[in-house]
Every structure is written in C-alpha cells, then in structure tokens.
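Just so it is clear, the values below take in all heavy atoms, side chains as well, and ignore hydrogens, waters and symmetry mates. None of these values were measured; they are calculated from a predicted model. Just so you know, ligand 1 is whichever comes first in the structure, and atom 1 is the first atom listed for that ligand.
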Amino acid sequence: MQVMQRAKPDEVDVVIVGAGLNGLYQTYCLKEKGLSVRTIEAAPDIGGVWYWNRYPGARVDSHFPFYQYFFSQDLWDEAGWQERFPAQPEIERYFHGMCDRFGLRDLITFDTRVERAEWQHGDARWLITTDKGNQISARFIVLSTGGLSNPKTPNFPGEERFAGLVCHTSRWPREGVDLAGKRVGVVGTAATGIQVIQTIAPTVGHLTVFQRTPNYAVAMRNPALTEDDLAAVRPTRADLRDRAHRSFGGFVYDDEPPLFDDLSPAERLERLEFIWADGSLRMWGGAFADGFTSPVAAAYVSEFVRGKIRARIIDPAVADGLIPIDYEFGSRRVPLERGYYETFNRDNVTLVDLRNTPVIGIDETGMVTTAGRHNLDVIIYATGFDAGVGAINAIDIRGRDGRSLREQWARSVTTTIGMQVHGFPNMFMTMAPFAPASALCNMPICAEQQVNWISEAIGFVVAGGQRAIEPSAETEQAWMQHHQEVSEPTIIGQNSNSWYRLRTADGQNRELLAYLGGIDHYRTVCDAYRNSNYAGFELA
Ligand code: NA7
C-alpha cells in the first residue's frame, strides 16, 4: 500500500488568524517590519465582525471620530465618514479601503479555518493545520480571532421542526432576508437585539420580542457629518490618539468627571442631563468619576435612566417590562438606541417577558412559551457570543509538552495581560480575556495598542536572535491576581449576569472577562514589560 506523504508545510515568520480590525492592522505592522506573514480568514472577505454582522440596523456604538485606525494620517485624510455612528456598510467599506491602500489582500487566505496549531519545541515553530488540509509552519502565531465572533444560539427544543427561517444576527445572509409583512420573532434584547428590533419593526407584519433581561439603553444622537466636521478632526489625529490612550476607555471628552459626592443634588441632575444630551457612550461612566465604583452614584444614575425610558412608553405595564430594576445602569454593556422604546408603542409589536413566561420550545409554526403560542415566519437570534474564549477554543491549540489550551481553559482561564499564555510560546492574542480590549474599550484604540505591543515583542525576539518568548507562571499569576483585585469590586464585577463574566459549560459563573483597571494603567503595565526587555517573560 502506498503511504500518502503530506506536502512540506509552507514556511512563514508569522501566521495571523483573522482579518478583522485587529488582524488587518497586525498584518500591516508585521509586513512593515519585513517579516513574512500569512493571514488566514474563515470568511470569504475581510472585516471580521463587520463582515459577519450585516443584520438590519447594525451600527457601531463608538462615536465619530473614535471608531477608526489612528496609526495613519493618510487614512484620516481619506476617510469620508457620513454619520456620527457609522452603520455596518460604511465600516465594511472603510476596512476595504484600508486593506487595499496598504496592499494587504494578497497576504490573506480567505474561506479557510485554522483547525489546529501545534508548538514544535525542537524547531521552535508552530505547525498550523487548516480545514482545507494545508499546513503552514510559522515562528509565531497571532490569534486575532475576535472576542465576539463565535455565535451562541439558545438550542430551544424542537427548533429543527420549524417551517420558517431561523437566523443568527452574526450569520446574517449576505443577500439579505425579506422581512416585509412577515411574522418575525427576535430573541435577545441587548446591543444587537435593540438595533434589529427598532429597525425592522416598521417593515414586518408583526414583531414578537422575546426578552429575558431588560437593558438600560441610551438614546443615540446620530447627526449626519458635514465636510466641515471631517476637516476639523483631521489635524487632531495624533493628539486625540495620545489622549485616548491615556483615557479610561478609549474616548476623549473635554472635561474630567467630578466625584458624585462633590456635587449638590441640583448639580448632579444638571450634570446627568448634560451627559445624556450627548447621546453617546459618554453616559456610561462619563458622568461621575466614581460611577463604576460608588453604589450610591450608580443607583442615582440608574434611577435617572429609568425615568428617561418610562417617559417614552405609553403602556405602563409594557414600561415595567422594559425597565431594569434588579441591577444598576452600567453594570452590563450599555446599548445605544434610536426609537427602540417607541417601537413598543406600535400595534404590530408584542413584548414577551421570558422571565415570567419561559420558552417551552419551537414547533412547525413558531415559538411556544408558558404564555401560549407565537406564530412566526422568521426567528432571529440576537443571542450573543461565546465571548472572549469561544473563537480561540474553536482551534485545537497545543503548546509546550502537548498541553491543550482548550483543556487548560476548561479548568481555569488565565492569560498574561490578555496577550500571551504561560506554556504557549510565541503565541499572541488580541481581544482575549483579561485586557481592556476584552470588553471595555473603544476597540480601535485598544486594538492598536495590543497589536503594537505584539509587533514589538515579535520584533524583539527576532532581532535578538532568540527563539521564543512566553510569560513565566509567576507573571501570569500576578496579572490574574491584579485583574481580580481591580475588576471584581466594581459594579460590573458585582453583576454576574452578562457576557463580561465567563461561564462554565453548565452556566456557572467564572472569572470576570472585562479588565477594569482602565486602558491607561493597562498600557503602562504593557510598556513596562517592553521597556524592561520583557522581564517576567521567559526568553529562550
Ligand atoms: P449579548 O450582549 O450577549 O446579548 C444577548 C441577548 O440574548 C441578551 O438579551 C440575552 O439575554 C439574550 N439571550 C441569550 N440567550 C438567550 C436564551 N437562551 N433565551 C433568551 N434570551 C437569550 O449579545 P449582543 O449581540 O447583543 O451584543 C454583544 C456585544 O457585541 C455588545 O455588547 C457589543 O459590544 C457588540 P440575557 O441578558 O442573557 O438574559
């Protein structure tokens, strides 16, 4: 019998997994360093979340001019943003422009998933296997797989019997879905669900919203941008970038928030109205300096937002269903909305409260809850993601001595500054657990900081003639301890009901994914490692 020989793997310096916001910039940086790079992308095109999340109403919640790369003045000069909060098609076009401007497309292999990555200690290289059966050998691997890319679906019993269409918002068909006149059910009412619901309600025949936990959403102010707006920000790029890197969450505001207790009751209300009127994520922690840590300030802000929501809903019983009462504003991701609450004043929209009337299952004609049957033509899941670890765990990663990252993380998820894991040399990650980029950051700012740090670390290893870099066990332990100390005592740490906290397969709460020390402190820690030639890391 003839034994089939595998072709010798292609060899490159670095394999990057994912061609979204992080992966594209990582590709650019390493190419600029003169390294050979192969970027592998599961989708047929670039964009990451902005490729996959093409559902009706998809829009970024970071306001202009903060959702764009800051590294290139040329990109700033060329960008022709149309709205303060750009919608998905505009953002997708922007990434295409960036990719083409810097000639990155030829470095990307599309429609290909990385299935396995195995550290080969003797060679000090990663052997990477794709679902197309190809193998690539690389000195370094960078997982730019996205923290919110592996969709979660509810697995309601009987779904396979449903005669209509079922689709997840982050796997929305490229050709679109005709919802006109249809009976549509949306499951999930967080950032994504809110955008879908407010957008499709006027088009569909009937919309049934299946809500488990109500959210506090802030009214978005989204004016069209003028040429003057664009011209005014172009010269501010470098200054804004530096200030954004020194901020808490990657946005720059023109004042320092006061402490709650330093204001009189009248001043507090005036301050909140002022911040509310901005119609942005500034409402989330931007009103009071101790907004994330003071229970009194959090309770005050929560009551203020409840009042804003109630004023917009005609039926008081529906308002009761939509207004959160059992957790504080800001302890979960704050969605922005445009007419979401008024949607529930429409005759063709029904709110189903799944906490009181849980889903029993799905049959041929629709969803059945303990309240009865809801006949549907389309079921839309806006049910979120296996956050932080999902896309990384989808790859069978074997580090030193054959250890499995998936199995290690099933016991306990740990990282060093969210970018490396002890036992996995020359493996880097962006948007992974325990960094601001995991959850609490305006993404381009955090992405650039992480990608720059990774590029410098790789450059250091290569230039120094080293073979490998990985954090020591002690460094990792110290980071995890610091993460827990700064993150758990916050209002986010105290609310376990959100994707900001990792969960075991059977739903038990685990580590807080979101690092809450702020991006300024985080960057200082990262820079200190670099400036000390990676003290606390093992270089071999
Ligand atoms: P999220 O924020 O994880 O929200 C998922 C929503 O789906 C939320 O309302 C969930 O209710 C609901 N959900 C999830 N599973 C179920 C089941 N089994 N039954 C009913 N309802 C369910 O995802 P998004 O896509 O909205 O946003 C993710 C991030 O993307 C967002 O924060 C932005 O940063 C961009 P729950 O609250 O868990 O009760």
(request) Look at Arg241 together with Glu448 and state whether they make a salt bridge at an N to O cut-off of under 4.0 Å. (result) no

(request) Check whether any side-chain heavy atom of Phe71 sits under 4.5 Å from a side-chain heavy atom of Val451, and report yes or no. (result) no

(message) Rounded to the nearest 0.5 Å, what separates atom CG in Leu143 from atom CD in Gln26?
(response) 10.5 Å

(message) Testing the 3.5 Å rule here: is there a donor-acceptor pair between the side chains of His168 and Tyr55?
(response) no

(request) Provide the number and element of each atom of ligand 1 under 4.0 Å from a heavy atom of Leu354. (result) 20 (C)

(request) Within a distance under 4.0 Å of any heavy atom of Phe385, pick out the atoms of ligand 1 and give their elements. (result) 25 (O)

(message) Only heavy atoms of Trp499, strictly under 4.0 Å: list the atoms of ligand 1 that pass.
(response) 1 (P), 2 (O), 3 (O), 28 (C), 29 (C), 31 (C), 32 (O), 34 (O)

(message) Judged on heavy-atom distance to atom 36 (P) of ligand 1, which of Thr213, Thr189, Thr383 sits nearest?
(response) Thr213

(request) Pull out every atom of ligand 1 sitting under 4.0 Å from any heavy atom of Phe156, numbered as shown with elements. (result) 19 (N)

(request) Would you please say whether a donor-acceptor pair under 3.5 Å links the side chains of Gln450 and Tyr522? (result) yes

(message) Taking 4.0 Å as the limit for heavy-atom contacts, which would you say applies to Val187 with ligand 1: side chain only, backbone only, both, or neither?
(response) side chain

(message) Please compare Pro214, Gly193, Ala382 and report which has the shortest non-hydrogen distance to atom 6 (C) of ligand 1.
(response) Ala382

(message) Students should be able to answer this: which protein heavy-atom is nearest to atom 18 (N) of ligand 1, and at what distance?
(response) Pro154 CB, 3.3 Å

(message) Minimum distance, heavy atoms only, to atom 16 (C) of ligand 1: which one of Arg332, Arg212, Arg333 is it?
(response) Arg212

(request) Name the option, out of Thr169, Val186, Val49, Thr192, that contains the heavy atom nearest to atom 24 (P) of ligand 1. (result) Thr192

(request) May I ask you to identify the nearest protein heavy atom to atom 23 (O) of ligand 1, giving residue, atom name and distance to one decimal place in Å? (result) Gly384 CA, 3.2 Å

(message) Between Asp363 and Arg373 (salt bridge meaning N to carboxylate O under 4.0 Å), is one present in this structure?
(response) yes

(request) Provide, to 0.1 Å, the distance between atom 4 (O) of ligand 1 and the closest protein heavy atom, together with that atom's residue and name. (result) Ala190 CB, 3.1 Å

(message) As an exercise, state the distance from CG of Asn509 to CD of Glu511, rounded to the nearest 0.5 Å.
(response) 10.0 Å

(request) Please write down residue, atom name and distance for the protein heavy atom closest to atom 30 (O) of ligand 1. (result) Leu148 CD1, 3.6 Å

(request) For Ala191, counting its heavy atoms only, list the atoms of ligand 1 lying under 4.0 Å from any of them. (result) 26 (O), 31 (C)

(request) Establish, from distance only, whether the side-chain atoms of Thr192 and Thr169 form a donor-acceptor pair under 3.5 Å. (result) no

(request) Among Thr365, Thr208, Asn348, Asp377, find the one that has a side chain to side chain donor-acceptor pair (under 3.5 Å) with Arg183. (result) Asp377

(request) Check each atom of ligand 1 against the heavy atoms of Gly188 and keep those under 4.0 Å away; list them by number with element. (result) 6 (C), 7 (O), 9 (O), 12 (C)

(message) My understanding is that only residues two or more places apart in sequence, or in another chain, count here; which of them pass side-chain contact (heavy atoms from CB on, under 4.5 Å) with Glu303?
(response) Arg306

